[in-house]
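Below: the structure, in structure tokens.
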Amino acid sequence: MHVIASIPDLRTVRKRLSGRVGVVLTMGALHRGHLELIRAARADNDAVLVSIFVNPLQFGAHEDLARYPRDLQRDLDLLAATDVDVVFTPTPEVMYPPGFDTLVTVDTVAQGLEGEARPGHFQGVATVVAKLFNLTQPTISYFGQKDAQQVVVIRRMVRDLNFDLEIAVIPTVREPDGLALSSRNVYLDAAQRRAAACLYRGLQAAAHRYAEGERHPEALRTAVRTEIEAEPLAQLEYVAVNDPRTLIGQHAISDQPLLLSLAVRFGTTRLLDNCLLPVDLNTRAGLTATLGAV
Ligand code: AMP
């Protein structure tokens with residue numbers, strides 16, 4: 001496994017890779033969710049490249065950049081055990097040298113949901129992902145459903161800026177109680193961790209209503225809200241129903257697929273989750289055909 005921190009070294013090693021190259025972009029603190037993306041990349045490609053970079057550009061001034069969990073040696077040990085060919089671990093100075101002055105803005109699809117809660121976040125994401133795509137030249141790059149709006153933003157950027165690569169979307173990997181794996185789950189204390197299962201319970205309650213025939217977005221949102229509001233440690237930030245292709249908010253009954261997403265605070269920790277309705281779309285094939293596919 002090549003572990004590379006400089007751009008010239010990365011370009012040299014990338015040129016030597018032949019065939020299909022699967023790329024997984026991460027911020028480290030690796031968990032089973034990341035490993036599932038890597039497993040998919042391994043199965044589809046001749047070589048696998050993983051990046052680990054906590055991107056300062058996508059954190060707001062009052063967010064958790066300084067305390068975001070970092071343990072490079074642990075991550076490298078995990079990757080060495082999973083048959084990864086190249087790990088790119090740049091520093092912020094390598095990615096953003098003095099004079100760095102270019103930002104990538106994806107417009108409409110980056111405005112609502114997380115874009116509204118975290119101004120500038122998706123500009124930071126799009127900028128670093130564009131750089132990492134140029135540096136790593138993926139055949140396919142793998143993204144997690146958990147960050148559904150990120151998938152939509154990146155797919156729009158790929159299409160609009162003519163990146164010559166495919167995006168695959170991998171279903172959310174969960175703990176036994178349904179909590180989506182996230183590097184930020186370590187911020188939760190024991191009581192908050194128990195309470196955090198309410199996000200998945202909310203999605204399931206809405207999915208249950210949908211299976212019974214409920215199609216009204218407001219009724220589906222109410223089903224989620226009821227579960228979250230029953231949990232005293234949880235503060236619901238938003239629950240939204242959107243068109244999974246365009247992220248346009250849905251307010252009327254329709255039989256088109258829906259993206260149901262929510263953000264919930266436990267103290268200072270923000271957790272996200274989402275699902276597609278109908279629920280049989282929450283597979284790699286269903287997600288890849290639906291989420292951000294325009
Ligand atoms: P991060 O390190 O949080 O930036 O995530 C790197 C990639 O892993 C992103 O594409 C995420 O959507 C994906 N990811 C994070 N958590 C999960 C999860 N629980 N299941 C599947 N993919 C995930």
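One-based numbering, in listed order, for ligands and for the atoms of each.
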Of all heavy-atom pairs linking Arg215 and Ser254, the shortest is CD-O, 3.7 Å

of all protein heavy atoms, closest to atom 23 (C) of ligand 1 is Gly144 CA, 4.1 Å

Of all protein heavy atoms, the one nearest atom 20 (N) of ligand 1 is Val173 N, 2.9 Å

- prompt: Which class fits the ring pair Tyr68 and Phe59: parallel under 30°, tilted 30 to 60°, perpendicular over 60°?
  reply: perpendicular

Between Val84 and Val48, the two heavy atoms sitting closest are CG1-O, 3.7 Å

Any donor-acceptor pair under 3.5 Å linking the side-chain atoms of Asn45 with those of Tyr142? yes

Near Leu37 (heavy-atom distance under 4.0 Å), the atoms of ligand 1 are 7 (C), 8 (O), 10 (O), 13 (C), 22 (N)

Test salt bridge (Lys or Arg N to Asp or Glu O under 4.0 Å), reference Asp64, set Arg270, Arg184, Arg70, output is Arg184

Quiz item: Can you tell me if Glu212 and His208 form a side-chain donor-acceptor pair at under 3.5 Å?
Solution: yes

**Asked** Between the main-chain N or O of Ala29 and the side-chain N or O of Asp75, is there a donor-acceptor pair closer than 3.5 Å?
**Response** yes

Checklist line | Close approach of His34 to ligand 1, heavy atoms, under 4.0 angstrom | finding: yes

among protein heavy atoms, the one nearest atom 4 (O) of ligand 1 is Met27 CG, 3.5 Å

| task | Answer with yes or no whether the side chains of Gln145 and Asn274 bring together a donor and an acceptor at under 3.5 Å. | result | yes

Worksheet entry | Check: His121 side chain, Gln58 main-chain N or O, donor-acceptor pair, under 3.5 Å | yes

Here the atoms of ligand 1 under 4.0 Å from any heavy atom belonging to Leu181 are 16 (N), 17 (C), 18 (C), 19 (N)

Ranked by distance from atom 11 (C) of ligand 1, the top protein heavy atom is Asp147 OD2, 3.1 Å

So for Gln145 against ligand 1, with non-hydrogen atoms under 4.0 Å, the contacting part is neither

- Query: Any N or O of Gly28 that comes nearer than 3.5 Å to an N or O of ligand 1?
  - Reply: no

Within 4.0 Å of some non-hydrogen atom of Phe143, the atoms of ligand 1 are 10 (O)

For atom 6 (C) of ligand 1, the closest protein heavy atom turns out to be Leu25 O, 3.2 Å

>> Looking at ligand 1, is there an atom of it that comes within less than 4.0 Å of some heavy atom belonging to Pro171?
In response: yes

Ligand 1 to Thr26, heavy atom cutoff 4.0 Å, flagged ligand atoms 2 (O), 6 (C)

| message | Heavy-atom contact check, 4.0 Å cutoff: does His31 meet ligand 1? | response | yes

